[in-house]
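Structure record follows, encoded as structure tokens.
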Amino acid sequence: MSKLRQIFNTSYCRYYSQQVKKKLPIITCKRPEYNHYEGQTYSKFDGVKLASAGWLNVKSKGDYFTIYGDANKKEEKEVFKKSFEDVGVRPELIEVMSGQGYNLPTAIQAKSIPFILEGYNTVVTAETGCGKTLAYLLPIFQHILDWKTSVKDEFNSPLAVIITPSRELDAIQSATPGTAGRLSTDPGQRYNAP
Ligand SMILES: Nc1ncnc2c1ncn2[C@@H]1O[C@H](COP(=O)(O)OP(=O)(O)OP(=O)(O)O)[C@@H](O)[C@H]1O
């Protein structure tokens with residue numbers, strides 16, 4: 001092996017061992033260049049590099065990878081401990097929620113509600129059925145309740161607009177706020193805070 005190659009290999013290994021120390025691994029492989037870390041981003045041109053991609057080759061015998069499925073568990077546990085009050089939801093809304101049997105925010109709600117309440121533009125992505133709808137509807141209701149106290153005149157315009165990509169989703173969004181507010185029959189999907 002040439003000297004240049006040795007140097008390259010050394011710095012290459014050092015680079016990957018530094019990555020291991022810095023970030024929480026999600027998948028570790030025999031060859032660290034195939035490791036995946038929490039928060040890692042991928043080039044849309046290169047795609048996701050997988051150790052198993054070369055497993056049809058006989059030389060891959062003995063290769064392996066390990067998945068750390070509970071890598072985020074610690075953070076999730078802390079998030080789950082939070083109450084609606086902890087994430088900044090007003091007592092009136094908490095009362096309505098608990099009347100419907102919703103006593104604790106889901107993890108995605110605990111993460112996103114504080115940001116939306118603070119007025120940040122927020123993109124929320126999570127697996128289906130984990131409570132994304134209320135994650136944005138609750139802060140919307142709260143903002144509306146706050147605005148109403150500070151504005152004297154009656155509003156004569158929509159206070160929130162929800163755009164859905166399909167009729168099916170539209171129906172789901174319409175059903176959910178029934179828990180926390182009154183849904184008007186207006187085809188413009190206007191939600192009235194309680
Ligand atoms: N904090 C909570 N406590 C208990 N149940 C909840 C809570 N938040 C939402 N739910 C219920 O969980 C179910 C799924 O919620 P929701 O439809 O909002 O999920 P979603 O993430 O928006 O799903 P999708 O990606 O399919 O739109 C609903 O029945 C909803 O009423």
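Hydrogens, waters and symmetry mates are skipped; everything else that's a heavy atom, side chains included, is used. First listed ligand is number 1; within each ligand, the first listed atom is number 1.
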Please list all pairs passing the salt bridge (Lys or Arg N to Asp or Glu O under 4.0 Å) test where one or both residues lie in residues 128-143, with sequence neighbours left out.
none
Apply ring-ring contact (aromatic ring centres under 6.0 Å, His included) to the pair H36 and Y42, showing each step before the final yes or no.
CA-CA 10 Å; H36 297 271; Y42 301 92; 5.6 Å; yes
Where's the contact between L104 and ligand 1, heavy-atom distance under 4.0 Å: side chain, backbone, both or neither?
backbone
Using distance alone, determine whether G129 and ligand 1 share an N or O pair under 3.5 Å.
yes
Please check: side-chain N/O of S83 versus main-chain N/O of L104, any donor-acceptor pairing under 3.5 Å?
no
What I want to know is whether T133 and ligand 1 share at least one N or O pair that is separated by under 3.5 angstrom.
yes
Counting only nitrogen or oxygen atoms and a 3.5 angstrom limit, does C130 reach ligand 1?
yes
Would you say E92 has more than 12 foreign heavy atoms packed within less than 6.0 Å of its CD?
yes
Where's the contact between Q109 and ligand 1, heavy-atom distance under 4.0 Å: side chain, backbone, both or neither?
side chain
Below 3.5 Å, can you tabulate the donor-acceptor pairs from side chains in residues 116-129 to any protein atom, sequence neighbours excluded?
from : atom 1 : to   : atom 2 : distance (Å)
T122 : OG1    : Y120 : O      : 2.9

Counting both backbone and side chain atoms, is some N or O of G101 under 3.5 Å from an N or O of ligand 1?
no
